[in-house]
Structure formats: structure tokens, C-alpha cells
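Below, chain A is the first sequence line, B the second, and so on; all start at residue 1. Any value given below was found using the heavy atoms of this structure, including those in side chains, with hydrogens, waters and symmetry copies removed.
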Amino acid sequence: MKIDRRSFLSFLLGGAAGTALSPLPWKLTDDSSIWTQMWPWTPVPEDGEASYVNSSCTLCPGGCGITVRKIDDRAVKIEGMKRHPVNNGGLCSLGLSGLQLLYGPTRVKTPLKRVGKRGRGRWEKISWKDAVSEVAKTLGDLREKGQSHTVGFISGSDRGTVPRLFERFLTVYGSPNLIRTPSIIDSYELALHLMQGAQALPGFDFENANFILSFGSGIVDGWGSPVRMFRANSAWRDTGGKVIQIEPRLSNTAAKSDKWIPINPGTEAALALGIAHIIIKESLYDAEFINNYSEGFEDWKAFVLGEYGPDSVATITGIDSTTIIALARSFARASKPLAICGRGQGTTPGSLNECTAVHALNALVGNINKKGGVFAVAEPDYINWPEVEMDATAAAGMQKNRLDGAGSKKYPFSRYLLNRLPQAINSGKKYPLKALFVAGANPLYTMSDSKAVKKAFDKVPFIVSFSSYMDETAQNADLILPNHNYLERYEDIPTPAGMPQPVIGLSRPVVEPQFNTKHVGDVIILLAKAMGGTLSDAFAWDSYDACLKETMGYKWQVIIEKGFWSYPDFVAGPREESFDTVSGKFEFAPKETGSLKPFKPVKIEGDKTNYPLLLMPYDSIRLANGAMGDPPFVMKSVDDTVLKGTDVFIEINPKTAGEHGLREGQLAMLSTPVGQAKVKVHLFDGIMPGLVALPRGLGHTAYDEYLAGKGINVNELIGPVEDPVSGLDAAWGVRAKLAKA
Amino acid sequence: MKHKNAKKYGMVIDLDKCTGCGSCMVACMAENNVPFRKDESNKVLSITWLRVYQLTNGKPFPNTDICYLPRPCMHCEGQHEGHSPCVSVCPAVATDYNTETGIVSQIYTRCFGCRYCMASCPYHARYFNWWDPVWPDGMEKYLSPNVSPRMRGVVEKCSFCFHRYQLAKEKAFKEGRREIKEDEYQTACTQACPAGAITFGDLNNPNHAVSRMVKPDPKHHGRPTNPNAFRLLERLGTNPKVYYLSSREWVRRAGDNYLENEAKYKKTVHQG
Ligand code: SF4
Ligand code: SF4
Ligand code: SF4
């Protein structure tokens with residue numbers, strides 16, 4: 001909403017006139033104020049002794065340090081931990097509202113077993129003992145029938161002790177189907193693997209960079225570790241660092257940047273290659289790096305020089321050639337340039353070619369494993385558990401192909417392809433999924449093409465959710481084994497997204513468990529013990545806490561005291577040792593990626609005739625859209641141009657709206673090849689004509705009344721598009737049409 | 001009554017850094033036991049002591065620009081110290097200007113809900129409790145004992161987290177100090193802002209960051225002398241203690257602009 005001076009003033013005038021004309025007697029005033037005191041029905045919070053507990057927020061992969069203020073045994077406020085390497089005191093609105101999750105109505109308070117049809121919301125309480133033996137029995141039966149591989153596990157992360165326990169369990173049990181939820185990290189991991197031979201996470205040294213070329217990354221919209229990015233962005237304001245934001249919509253990041261360059265959606269890879277073209281043609285690249293540490297440059301150079309002249313790139317991207325040339329020069333000439341990708345919060349992996357093209361720009365300016373550049377950050381190797389012993393069933397199960405096709409002949413490099421799971425289940429071509437476990441994820445909400453996802457889940461006979469909250473996936477499970485809330489449990493949080501040095505954060509109990517919940521790590525250990533044999537052998541720990549303590553070893557004392565373990569002396573290896581490719585050098589054009597083939601835009605769903613518009617989801621830091629949904633406070637911060645009552649607004653350029661005869665606030669029907677929904681129109685000059693945008697994070701059917709039933713889930717309107725090389729979801733949008741409702 | 005060591009607490013919000021993330025709004029709600037309801041999309045009724053507004057430059061694509069503007073209570077000094085628009089009109093002395101700190105307080109137990117102050121506040125910083133606050137079962141556990149929850153029928157607004165001032169004073173007193181240090185009293189929003197866009201401190205103290213940032217001119221009721229700094233609706237003469245910084249001219253203009261026929265209104269405005 002615009003600040004409207006008219007309304008400021010009208011209020012003011014009312015006040016002035018009101019005072020002058022007021023007939024209200026002073027006596028009455030006095031009476032009423034006495035009468036209004038001591039209202040019995042407003043709570044009076046009990047006072048007590050104040051204390052503070054340091055922990056880590058795990059509501060997103062950001063890994064912020066938190067300090068929780070307590071009054072006796074109640075947690076009353078979450079604040080950012082001062083001097084924490086990630087956030088130094090600041091916090092995002094979701095992190096600040098964590099107590100509404102801890103004490104809120106969406107908690108699953110005890111193990112629940114479904115009664116009646118799935119998804120109807122009818123449950124009966126079940127004891128932990130019965131719950132664990134029921135799961136053990138189902139898993140045991142499948143194993144006996146040689147179907148251990150038909151068990152799947154969707155996890156929000158694959159790092160740290162908890163996900164590693166899941167992995168260990170599946171390995172000894174005999175299933176290859178552990179699937180991590182997707183994000184831009186998948187594409188980056190692949191790029192680092194193919195171009196640098198690294199098994200590592202991407203780390204970006206934003207603090208030492210001074211020219212950020214962002215291909216749509218929401219630097220202040222929740223990309224990477226959100227609070228760290230906010231801090232870096234403010235530091236650039238102070239030090240004169242520049243941010244160039246390339247995306248078709250004026251996001252908050254674009255608005256904060258030094259230059260916003262709108263681009264035809266989905267053509268970012270072509271722009272990156274166009275910039276490379278100028279850098280190469282004008283010899284602005286880092287010759288020392290290219291000559292000594294790279295391979296395949298000549299081929300790549302010929303390809304880029306041949307295909308990506310500024311004029312042809314201008315035609316593809318809609319950005320005029322002078323801008324492209326100027327951009328390339330300022331990027332190459334900056335003392336610490338850094339190029340990044342991953343649209344919005346990096347919610348989807350995107351096309352692999354786009355990621356490798358952007359990463360190649362960093363290599364061109366010699367920006368790999370170097371101050372202010374991109375680092376390949378290996379996972380800190382503090383988890384050293386004894387090798388597991390696998391019996392014949394486990395070995396046979398692990399030999400089976402993964403259901404999602406990751407690591408298959410078609411997609412040999414990808415590790416997880418959750419986007420392909422619904423199709424694999426629905427087509428029934430490979431093998432059925434007989435049991436599915438979900439932890440730290442809410443796939444029924446976050447996966448695109450909701451209808452297909454739901455259909456696939458309906459085909460899985462046994463679904464177990466470990467969620468602390470009644471989310472969409474829990475609602476459709478057969479059994480909920482509620483984990484402690486993140487403020488009630490220990491957990492290690494290895495290196496937050498995008499950090500250039502390894503850090504291990506610690507989440508620890510701030511309050512006693514409020515309900516009859518159990519740490520998911522303990523449940524896995526109990527389950528393994530209940531199943532006996534090699535499984536119980538592999539899980540010899542008494543409890544998860546004991547396992548964690550033992551794993552951390554000498555670090556435990558420090559991490560307990562400081563709240564995190566950092567590696568201040570961490571240095572990425574020397575250039576000579578940085579690349580573990582066959583050539584031992586940086587690969588500009590790894591043949592696996594087919595990156596010498598001319599740019600082909602991702603083929604998004606829908607045809608132009610029936611669907612003349614393009615729909616893009618957008619990410620807002622005020623709308624949590626991952627495994628967590630918005631708590632009430634954060635919902636309260638959502639603007640009335642995004643959500644009004646239960647209606648969500650689409651953003652549309654006034655010009656496009658005019659062509660459709662649509663006015664501000666009008667209801668319209670938005671249809672795509674995947675689905676349709678009623679929306680309201682919000683005219684926004686900051687969006688490219690021909691595009692419409694919808695926020696992620698609304699349209700929940702689960703959680704509480706503060707969140708559920710408001711707006712629509714954009715995943716109902718958009719489906720995944722498989723990247724030809726990685727198999728990951730490359731969709732950035734979908735074709736759409738809009739009609740008056 | 002003027003104290004000898006009177007403070008004038010104020011805030012500087014750097015709009016070049018503010019990203020509109022809303023952390024400040026939420027930190028404030030969490031700190032001050034602000035209630036919430038099922039539907040908070042009617043922003044006139046939605047109690048947000050600190051609200052982040054979106055401003056636009058009104059230009060068509062691709063020259064469009066947006067800027068966020070967080071709006072707490074301005075703790076207006078008025079034309080003479082303490083003549084804040086809201087304080088002047090309250091018949092119940094439920095809102096008061098504290099001369100020791102310059103903070104405009106709201107005393108819920110005195111407020112009887114006439115809402116004159118709301119009408120007189122040019123910044124829409126005040127909110128009325130149309131309903132009793134209700135926390136879902138169990139959630140009242142997180143309520144802070146330092147801030148009393150409000151009841152139906154009273155007006156509430158940003159207090160510059162006054163209870164934090166009191167706690168800091170108490171602590172200093174116990175330690176035998178008369179003065180509190182700059183970092184001992186900070187508001188919840190200042191602390192939470194991930195962008196470090198908010199600075200809080202004593203405008204009377206030239207060593208505090210706020211004074212250094214805006215260089216208030218004491219001869220002109222603290223009008224900023226930093227050319228990038230401005231106060232909202234400066235010409236109303238409310239003399240806010242919240243300052244904004246922006247390097248974008250259109251933003252500064254949007255913050256202190258008038259209606260076409262402003263002259264007509266001006267006199268009435270000064271009554272506050
Ligand atoms: S950015 Fe992520 S980790 Fe940090 S406070 Fe917010 S949700 Fe928590
Ligand atoms: S927390 Fe800071 S960056 Fe976020 S909206 Fe408030 S002032 Fe702006
Ligand atoms: S902003 Fe409004 S409520 Fe605050 S002091 Fe000024 S007039 Fe009073």
C-alpha cells in the first residue's frame with residue numbers, strides 16, 4: 001500500500017475537530033477509566049526469574065544462532081544471537097515467531113494413528129511403544145518378502161547426524177530410496193562435481209565480494225542463509241559494493257539493487273554466455289587462471305564466440321546489446337566480482353546449463369576458491385561412525401535402482417530427484433512404493449503439480465510422518481510420530497546454505513518437551529532395536545543425545561558453551577589441489593552437460609495460443625514456503641496487496657491487465673495446463689508485461705486457522721519440467737491465461 | 001518539567017538498507033504481547049505498532065521503483081516539548097510525554113477508548129482494541145511479564161519498548177550507575193533487524209549514533225541537517241523523533257509531501 005497523505009491528513013482533521021466539539025463530560029471520563037481497570041479476562045503473565053539459552057534456529061537452512069529469553073520455565077522471546085558467525089544478532093520474521101510454533105495449536109501432541117479414510121482428520125492416540133512396533137512390523141514384513149527397496153524416505157536435509165541416521169537405517173535395512181527435498185543446491189552440487197570434480201556444497205564469499213551479478217537470486221528475499229545475506233547486502237551499502245539484479249519482476253532484491261535489469265524469463269543462461277562472449281572477445285578474463293588451471297577453454301571459447309554475440313543475445317533476452325556489453329565489462333573489471341544463480345529463494349534447482357553458465361563466469365574471472373569468490377566447501381567430516389554390516393537382504397535391496405531415477409543411466413550424476421517420484425509411482429513402471437517416511441519436509445505442499453503428488457501418495461499404502469506440526473503431509477499420513485519441536489531437542493546443524501567456511505551449529509532444548517513427543521533420532525534407534533539383527537547392531541547407541549555427544553567428541557564442550565563450532569583457520573586448498581576432475585583442472589565444458597550445444601530455453605508447460613500469459617511464482621521472506629508455514633505473527637505482516645481475506649492477488653502489469661479488461665482488486669480466473677484458481681488482480685508496474693506472478697507460501701490446507709484456507713498454493717498451477725541433463729526440476733513458470741471471473 | 005540530564009530517545013531508519021522483510025514488525029509483536037486474529041488483512045484493524053509500508057515511485061515498467069518504510073510511533077515532540085498531537089487531545093491523560101526520555105507513553109488503565117488520539121495522530125501509529133485478545137490454548141505461555149496485555153476498548157501503540165528502558169535503568173541503579181550505556185537500551189526492532197537498518201539512541205547525546213547520523217538542529221526542533229535525512233510530514237510541525245535516511249530523492253519527497261491544496265489545511269494541522 002502506498003502511504004496516502006490524504007488519509008494521513010483526513011485523520012488529523014477529524015481529531016482536531018473532534019476535540020473542539022466534544023461534548024464528553026470529564027466526569028464520565030474518570031468513571032470509565034476506573035471501570036476499565038483490572039479486566040479479569042486478559043491474562044496477566046506471571047513474573048519469574050529471567051534467563052537466556054543459546055541455540056540454533058532450524059526453521060530454514062539458514063542456521064541462525066538464537067538466544068531465547070525465559071521466565072522460569074517459559075520461553076518468552078526469541079532473539080538473534082550476538083556475535084554468531086551467521087547472523088550476529090539479526091533474525092528473520094519466521095525465526096522471531098518460533099514460540100508460536102512451540103506453543104501453538106498446530107503441534108501434534110502425541111503419536112497418532114489414522115482412523116477411517118486417509119486425510120479425513122480422524123485420529124486415535126497411540127502409545128509410543130505400539131507405534132514403534134507397528135512400524136517395525138510393517139518394515140519387517142516387507143523385508144521378509146524381499147521388498148525392502150520399496151521403502152522410501154523423504155528428508156529435508158541429508159547432512160548432520162539426524163539425516164545420517166536415516167541414511168544408515170535405510171542402508172542396513174536395504175533401501176536406496178532416501179530422497180532429499182530439492183533446491184538450487186542440487187544444481188550447484190552438480191556443477192561443482194562436473195566442473196571441479198568436487199563433492200561439496202557451494203560457498204559464496206559475499207563478505208569479500210564487491211560486485212554481485214545475480215541471475216534472479218533473491219539476495220534479500222530469502223536466498224541462501226537469509227540473515228547472512230541481509231547483512232552482506234547492508235555491508236555493500238556501506239562499502240560501495242554493487243548488486244546487479246537480473247529478473248523480469250521488481251523483487252525486493254531488485255528494488256534494493258544498484259541496477260535492475262529485467263530479462264525475458266528463462267533466458268538467463270543465454271545472458272551469462274553473452275557476458276562471457278564479451279569478456280573473452282575483449283580479453284578481460286583472468287588469463288593466469290585460464291592458462292594454468294582450466295581445461296576445455298578453447299572449445300568453449302569457440303562456442304561462445306560463435307553463438308553468443310551481443311545482438312543475438314539481445315534478441316533472446318530482451319536486454320539491449322549496449323547494456324550487455326557494459327555489464328560484461330563492469331563485471332570483469334570489478335576487483336571482486338561474483339556471479340550467482342537460483343531464482344528467488346532458490347526453491348527449485350532450475351536448469352543445469354544455466355547454473356554451469358553462471359559458474360563459468362566466475363571461472364572466467366578466476367574467482368574459484370579465492371577470497372570474494374565461490375568455494376567448494378566439503379562437509380565437515382565429524383560423523384565417523386563404525387561401518388555398518390549389511391545382510392544379504394540389505395545388500396540386494398541396495399542394489400536396486402532408485403525409484404526416482406537418480407544415479408540411473410539417464411541421470412547418472414544426480415543424487416536425488418524428488419520431482420520424478422510422483423511420476424514413477426503413478427506410472428507403476430518400476431516398482432511400487434510400499435512405505436514412505438517423511439521427516440523435515442512437507443512434500444504434499446511443496447511439490448509442484450499437487451494433483452499428481454496427491455495421486456502418488458494415495459498409492460503408497462503406508463505413510464509415516466515425523467512432523468512436529470499437523471502439516472499437509474502429516475494430515476495425509478497413516479501414522480504420525482511427532483518429533484520434538486526444534487526448541488525442545490538437540491541437533492547438529494552443519495554448514496548453513498552458501499557459507500564459504502564450514503560451521504556446525506547446535507540446536508538444543510530451550511524448554512522441556514511440552515507434549516508426548518519423541519526425538520526422531522530416538523525413534524530411529526528404537527525402531528532399529530525393535531527390528532533386531534544387523535539393524536540393532538548398527539544402532540548401538542542408548543539414545544540420540546548419547547549418539548550426538550559421542551559423534552561430536554572433543555567438540556562437544558565448545559559447541560555446548562558457544563552454541564556453534566567454527567573453523568576459523570579454514571582455507572580452501574591451493575589452486576593446484578582444488579580440482580579433482582580427470583584433467584585435474586577446472587572444466588569449462590564438461591562433455592556430460594552438453595554445454596557446447598546451443599542454448600535451448602526450458603520448455604515450460606502450455607502453448608502460447610491457449611495460454612498467452614506466463615505465470616511465475618515469487619518468493620517473499622514474509623511467506624515461509626518450505627516445510628514450515630507462516631506462524632500467526634508472520635501472517636500478520638503479509639501486505640493487503642498480497643492477501644485480502646482469503647483472496648490472493650496476482651501481480652500483473654497495468655498494460656497487460658488493460659488488455660484483459662481487468663482492474664485493481666477485480667476477481668479473475670487464472671488457468672494453466674495444470675490447474676486453475678480464482679485470484680484477485682493487483683496492478684504492479686514492476687512486473688514485465690505479459691507476466692503474472694503469484695507468491696509461494698499460501699493456500700495451505702493444514703496448520704491452523706491463521707494460515708489454512710488463505711490464498712492458493714501455486715504448486716496446484718505448475719508442474720515440474722525435467723532438466724535433460726540432471727533430471728531436476730527446471731521449471732521457472734508455466735503458461736497461463738486470465739479471464740474475468 | 002525538564003530534567004537536567006534529559007534524554008531524547010530517537011530512531012534513524014536507513015531506507016537504503018531496509019529490505020521490507022518485516023522482522024521489525026514481528027520482533028515488536030513478540031516483544032510487546034501484541035495480539036493477533038484469524039484475519040489480519042484489514043490493515044486498519046490489524047494492530048501493528050510498527051508497520052512497514054511500501055512506497056512506489058509510480059513510474060511504469062521498467063522504471064518502477066519501490067521502497068519500504070517502517071513506521072513506529074514517531075514520539076512527536078510537538079511545537080513545544082510534550083505537545084504531541086495525541087497527548088494534547090487525550091481527555092484522560094492516558095497518553096503522556098515523558099520529559100526524562102522524550103517517549104510518548106500509553107497508560108492502558110487510564111484509556112477509556114474515546115480514540116481522539118487516533119484521530120489526531122497523523123501517522124496512523126495508534127490502534128484500537130476492538131476485541132479482547134485471545135491466544136490459542138497454550139500460547140499464552142510465551143507472554144512476557146514485562147508488558148501487560150491490553151484489553152478490549154483501549155488504544156495501544158509503540159512505546160519504544162519503554163520496559164526495556166526501565167529494566168536497563170534498574171540494572172544500572174543496582175550497579176551503582178546513574179547513566180545507562182548506549183547499547184543497554186535498544187528497542188526490539190532495532191535489535192532484530194537483519195539488515196541493521198535501524199539505529200536507536202539519544203538524540204541529545206552527540207556521541208550517540210543517531211545524532212551523528214542525522215545531525216539534528218536543536219534550533220529547529222531537531223530538524224535533520226544531513227541532506228539524506230528526513231522526517232515524515234516534516235512541515236506539519238509534529239517534530240517526530242524518528243528520522244529516515246534515503247539516497248533516493250523520490251523517497252525523500254514521498255516522505256514529506258503535501259496535497260495540492262495544502263495551504264488550506266496547514267493551520268488546522270498546527271493545533272496539535
Ligand atoms: S533465516 Fe532461517 S535460520 Fe535464520 S531465523 Fe530465519 S528461519 Fe531461522
Ligand atoms: S527488519 Fe529492518 S530490513 Fe526488515 S523491514 Fe524492518 S527495518 Fe526493514
Ligand atoms: S506518531 Fe502519533 S501516536 Fe506517536 S507521538 Fe506522534 S501523534 Fe502521538
Could you have a look at [options] and say which one has the most heavy-atom pairs with chain A under 4.5 angstrom?
options	value
B:A94, B:A30, B:G22	B:A30
B:S23, B:G138, B:C86, B:S46	B:S23
B:E140, B:Q191, B:R115	B:Q191

I'd like to know if the side chain of [X] reaches the main chain of [Y], judged simply by a donor and an acceptor atom lying under 3.5 Å from each other, with no hydrogens or angles considered.
X	Y	answer
B:K17	A:R231	no
A:K644	B:S41	yes
B:T64	A:D685	yes
A:K655	B:P60	no
B:R37	A:Y706	no
A:K256	B:C18	yes

Segment of [X] engaging chain A (4.5 angstrom heavy-atom cut-off):
X	answer
B:S148	neither
B:D65	both
B:L15	backbone
B:C21	both
B:N146	side chain

With a 4.5 angstrom heavy-atom cut-off, is it the side chain or the backbone of [X] that approaches chain B, or both, or neither?
X	result
A:K710	side chain
A:M229	neither
A:E79	side chain
A:I687	backbone
A:R228	neither
A:I71	side chain
A:V227	both

> Can you check side chain to side chain contact (heavy atoms under 4.5 Å, CB included) on B:V34 and A:K636, steps first, answer last?
Replying inline: CA-CA 11 Å; B:V34 174; A:K636 208 171 159 168; 3.5 Å; yes
> Mind checking what makes side chain to side chain donor-acceptor pair (under 3.5 Å) contact with A:N87, not counting sequence neighbours?
Replying inline: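 A:H84.
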If you take all heavy atoms of [X] and [Y], which pair is closest and at what distance?
X	Y	answer
A:R74	B:L143	NH1-O, 2.8 Å
B:A188	A:K77	CB-NZ, 3.8 Å
A:D47	B:P145	OD1-CG, 3.6 Å

> B:R150 and A:T42: side chain to side chain contact (heavy atoms under 4.5 Å, CB included), yes or no, with the steps?
Replying inline: CA-CA 7 Å; B:R150 284 71 60 186; A:T42 37; over 6 Å; no
>> Quick check: do B:P194 and A:C92 have side-chain heavy atoms less than 4.5 Å from each other?
In response: no
> Just wondering, do B:E40 and A:V638 contact through their side chains at under 4.5 Å, heavy atoms?
Replying inline: no
Working to the nearest 0.5 angstrom, can you tell me the gap between [X] [atom1] and [Y] [atom2]?
X	Y	atom1	atom2	result
A:S637	B:M29	OG	CE	6.0 Å
B:D39	A:T646	CG	OG1	8.0 Å
B:D14	A:S234	CG	OG	7.5 Å

> Which is it for A:S93 and B:M25 under the side chain to side chain contact (heavy atoms under 4.5 Å, CB included) test, yes or no, and what are the steps along the way?
Replying inline: CA-CA 8 Å; A:S93 53; B:M25 299 169 84; over 6 Å; no
> Who among A:R107, A:R622, A:R237, A:K70 has the most heavy-atom pairs with chain B under 4.5 Å?
Replying inline: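 The residue among A:R107, A:R622, A:R237, A:K70 with the greatest pair count is A:R622.
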>> Shorter than 4.5 Å, heavy atoms on both sides: which option in A:N252, A:L99, A:T253 has the most such pairs with chain B?
In response: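 Among the listed options, the one with the most contacts to chain B is A:N252.
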> Partners of A:T106 by side-chain contact (heavy atoms from CB on, under 4.5 Å), sequence neighbours excluded?
Replying inline: A:Y469, A:Y703, A:D704
> Should we count CD of A:E705 as having more than 12 external heavy atoms under 6.0 Å?
Replying inline: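 Yes - once you tally the heavy atoms of other residues, nucleotides and ligands closer than 6.0 Å, there are more than 12.
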> Does the ring center of B:F61 lie less than 6.0 Å from the ring center of A:W260?
Replying inline: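 When the ring centroids of B:F61 and A:W260 are compared, they turn out to be within the sub-6.0 Å range.
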